[in-house]
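Structure first, commentary second.
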Amino acid sequence: RRLMATYSVALWAVHKVRYHRNNAVFIQSDKEEKSAFFVDQRCKFIEDNLADDWGRRKYRPIRTKDGMVGRMTYEDTGSYIVGVAQGADKIRSYTASALIMDECEFQEEAHAALTAAIALVEESKSVKLILISTSNGPGGVLAEICKDVGFVKWS
């Protein structure tokens with residue numbers, strides 16, 4: 001179930017940057033290495049393993065110090081996917097088309113990052129905010145959102 005959600009969102013992100021010009025998709029995890037893993041092992045994997053060579057798009061990979069691809073920039077569209085560490089300051093100064101917060105319940109700075117992300121979404125109705133996580137109980141970011149919309153039963 002968790003892997004299906006992650007791959008579904010990765011597939012959506014790849015589609016967004018492959019076919020839409022000047023989009024910036026940020027993937028945020030608690031550590032830059034985990035975000036780079038998402039870009040490298042999910043997004044790059046999808047692009048590199050398309051069945052037909054003619055369907056693949058050229059992209060420029062930028063590797064992290066650990067050797068994983070942390071950023072993919074598509075030549076045709078000028079759009080990119082980049083993995084960043086947790087925290088509001090990692091996304092505040094950029095203009096994102098989408099922010100994907102992976103395992104947001106387990107990011108210590110999730111509340112600050114979510115506050116910064118909400119400002120992005122409110123500023124431009126075209127910005128997408130996607131939160132992915134397993135539950136961390138009634139005290140997490142997703143739990144607070146559920147409470148705000150009326151879902152309060154935990155089992």
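Excluded from the calculations below are hydrogen atoms, water molecules and symmetry mates; all remaining heavy atoms, backbone and side chain alike, are included. We count residues from 1, following the sequence as given.
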Any chance CD of E75 has more than 12 other-residue heavy atoms, nucleotides or ligands included, within less than 6.0 Å?
-> yes
In Å, rounded to the nearest 0.5 Å, how long is the span from CG of L142 to CE of M101?
-> 8.5 Å
Shared ILVMFWY cluster between W12 and I132, side chains joined below 4.5 angstrom?
-> yes
Do V17 and T73 have side chains that get closer than 4.5 Å, going by heavy atoms?
-> no
Within-4.5 Å side-chain heavy-atom neighbours: E103 and S133 | yes
Rounded distance [0.5 Å steps], CD in E33 versus CG in D40 = 12.5 Å
Residue pairs fulfilling ring-ring contact (aromatic ring centres under 6.0 Å, His included) with at least one residue in residues 28-54, sequence neighbours excluded = none
Who passes salt bridge (Lys or Arg N to Asp or Glu O under 4.0 Å) against E105, sequence neighbours left out?
-> none
Partner set under salt bridge (Lys or Arg N to Asp or Glu O under 4.0 Å) for R18, not counting sequence neighbours = E47
Is it true that atom CZ of R56 has more than 12 heavy atoms of other residues, nucleotides or ligands lying nearer than 6.0 Å?
-> yes
Backbone N/O of V84 and side chain of S35: donor-acceptor pair under 3.5 Å | yes
Got L131 and D102 here, is their nearest side-chain heavy-atom distance under 4.5 Å?
-> no
Side-chain heavy-atom pair Y80, F26 within 4.5 angstrom cut-off | yes
Would you give the length of the straight line joining atom SG of C104 to atom CD of Q86, rounded to the nearest 0.5 angstrom?
-> 11.5 Å
Beyond-backbone contact of L99 with Q28, side-chain heavy atoms, under 4.5 angstrom | yes
State, yes or no, whether a side-chain contact exists between I27 and V82 at a heavy-atom distance under 4.5 Å.
-> no
For F106, what residues pass the ring-ring contact (aromatic ring centres under 6.0 Å, His included) criterion, not counting sequence neighbours?
-> none
Do you reckon V127 sits in the same ILVMFWY cluster as I145, going by side-chain contacts under 4.5 Å, direct or chained?
-> yes
From NZ (K16) to CD1 (I81), nearest 0.5 Å | 11.0 Å
Residues which pass salt bridge (Lys or Arg N to Asp or Glu O under 4.0 Å) with D48, listed by chain and number, not counting sequence neighbours | K44
Go through L129 and I118 one step at a time and tell me if the side chain to side chain contact (heavy atoms under 4.5 Å, CB included) criterion holds.
-> CA-CA 8 Å; L129 174 61; I118 294 294; 4.0 Å; yes
Within 6.0 angstrom of K34 NZ, more than 12 heavy atoms from elsewhere = no
ring-ring contact (aromatic ring centres under 6.0 Å, His included) filter on Y59, not counting sequence neighbours, yields Y74
Hey, could you give me the NE2/NE2 distance between H15 and H20, rounded to the nearest 0.5 Å?
-> 6.0 Å
Under 4.5 Å between side-chain heavy atoms, hopping through other hydrophobics if needed: is there a path connecting L50 to M72?
-> no
Could you check I100, V14, V9, I130 and say which one makes a side-chain contact (heavy atoms from CB on, under 4.5 Å) with V25?
-> I100
Are L11 and Y7 co-members of a hydrophobic cluster defined by side-chain heavy atoms under 4.5 Å apart?
-> yes
